[in-house]
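Here's a structure for you.
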Amino acid sequence: MVTSARPSTPAPSKPRVLQLAIKEKPALYASYIPFFAEGGIFVPTPHDYRLGEGVYLLLTIVDDPQRYPVEGKVAWINPANAANHRPQGIGVRFPADDKAKQLKVRIEELLGAAEASNKPTNTI
């Protein structure tokens, strides 16, 4: 009998690090994902991800000089050649922690009434 030297469960991998700078409100509107209870953001990327995969996002929004670190999970995927000409990328769901709640509030303050718009976004 031959036994394998591989562990029975894969070792947890480090989350991939992504950076995203959103400089204008229309781009923030198109990227924000309000239908995630904790909030989320769309990140354009040509790389492949799996649903549930952990990512570490460094996010800068509009005129805010602060860089927001987010340890999120992939909860949406737009493949290459997605319907309605949506860009390829992933939706990162914010974690249920105080920092992410503050980020969600900050984004919603910046968007104001635009958040209720029916304009298409990068996800829906």
Side-chain angles (χ1 to χ4, degrees):
M1 182 172 174
V2 177
T3 58
S4 171
R6 291 184 293 169
S8 60
T9 57
S13 61
K14 288 185 178 182
R16 292 195 243 183
V17 177
L18 299 166
Q19 294 185 50
L20 179 62
I22 300 175
K23 299 179 183 200
E24 299 172 347
K25 284 184 187 180
L28 181 60
Y29 170 81
S31 297
Y32 181 55
I33 307 174
F35 57 85
F36 292 157
E38 304 84 8
I41 202 84
F42 179 81
V43 180
T45 178
H47 301 289
D48 291 327
Y49 287 84
R50 294 180 322 275
L51 288 174
E53 184 176 343
V55 295
Y56 188 80
L57 176 63
L58 297 169
L59 178 63
T60 307
I61 52 174
V62 188
D63 292 326
D64 192 334
Q66 182 173 343
R67 196 178 207 186
Y68 295 91
V70 177
E71 266 191 78
K73 300 262 187 214
V74 176
W76 184 278
I77 297 174
N78 277 0
N81 303 313
N84 297 321
H85 306 289
R86 290 192 167 92
Q88 182 178 0
I90 58 172
V92 176
R93 187 183 70 232
F94 297 159
D97 64 21
D98 288 338
K99 287 181 186 178
K101 286 178 188 171
Q102 291 172 358
L103 174 57
K104 179 181 180 185
V105 167
R106 178 69 181 128
I107 290 171
E108 290 175 356
E109 285 173 348
L110 285 168
L111 291 176
E115 185 184 358
S117 173
N118 289 330
K119 290 181 185 176
T121 68
N122 291 329
T123 54
I124 58 169

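Everything numeric in this text was worked out from a predicted model, so none of it was measured.
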- What pairs with D64 under salt bridge (charged side-chain N to carboxylate O under 4.0 Å, His left out), at least two apart in sequence or on another chain? R106
- Item | Cluster link V70 to L51, ILVMFWY, side chain under 4.5 Å | yes
- Return the set of residues passing side-chain hydrogen bond (donor to acceptor under 3.5 Å, both in side chains) with E38 (not counting sequence neighbours), or none when no residue passes. none
- Item | Those residues that, when tested against H85, pass side chain to side chain contact (heavy atoms under 4.5 Å, CB included) (two or more places apart) | none
- Message: Distance check, rounded to the nearest 0.5 Å: K104 atom NZ versus I33 atom CD1?
- Response: 12.0 Å
- Note on the structure: Residue pairs passing the salt bridge (charged side-chain N to carboxylate O under 4.0 Å, His left out) test with at least one member in residues 70-83, sequence neighbours excluded, are none
- Tracing side-chain links under 4.5 Å among I, L, V, M, F, W and Y, which residues wind up in one group with V17? Y56, L58
- Query: If every non-hydrogen atom of L20 is compared with every non-hydrogen atom of P44, which pair is closest and at what distance?
  - Reply: CD1-CD, 4.1 Å
- Task: Give the minimum heavy-atom separation between F42 and P87, together with the two atoms involved.
- Result: CZ-O, 3.3 Å
- Message: Looking at every non-hydrogen atom in both residues, tell me the closest pair between L18 and Y49 and how far apart they are.
- Response: CD2-OH, 3.2 Å
- Query: Sequence neighbours excluded, which residues qualify as side-chain hydrogen bond (donor to acceptor under 3.5 Å, both in side chains) partners of Q102?
  - Reply: none
- Query: Any side-chain heavy-atom pair from I77 and D48 closer than 4.5 angstrom?
  - Reply: no
- Distance col, row I107:CD1 vs S31:OG, nearest 0.5 angstrom, shows 9.5 Å
- Sorted by chain and residue number, the side chain to side chain contact (heavy atoms under 4.5 Å, CB included) partners of A21 (sequence neighbours excluded) come out as K23, T60
- Message: Using the side chain to side chain contact (heavy atoms under 4.5 Å, CB included) criterion, which residues pair with V62? Sequence neighbours excluded.
- Response: K25, L28, L110
- Task: Determine, step by step, whether L103 and I41 satisfy the side chain to side chain contact (heavy atoms under 4.5 Å, CB included) criterion, reporting the C-alpha distance in whole Å, the side-chain angles of both residues, the deciding distance to 0.1 Å, and the verdict.
- Result: CA-CA 11 Å; L103 174 57; I41 202 84; over 6 Å; no
Distance-only criterion, 3.5 Å: show the donor-acceptor pairs between side-chain atoms of residues 88-97 and protein atoms not counting sequence neighbours.
{"residue": "Q88", "atom": "NE2", "partner": "P46", "partner atom": "O", "Å": "3.2"}
{"residue": "D97", "atom": "OD1", "partner": "K99", "partner atom": "N", "Å": "3.4"}
{"residue": "D97", "atom": "OD1", "partner": "A100", "partner atom": "N", "Å": "2.8"}

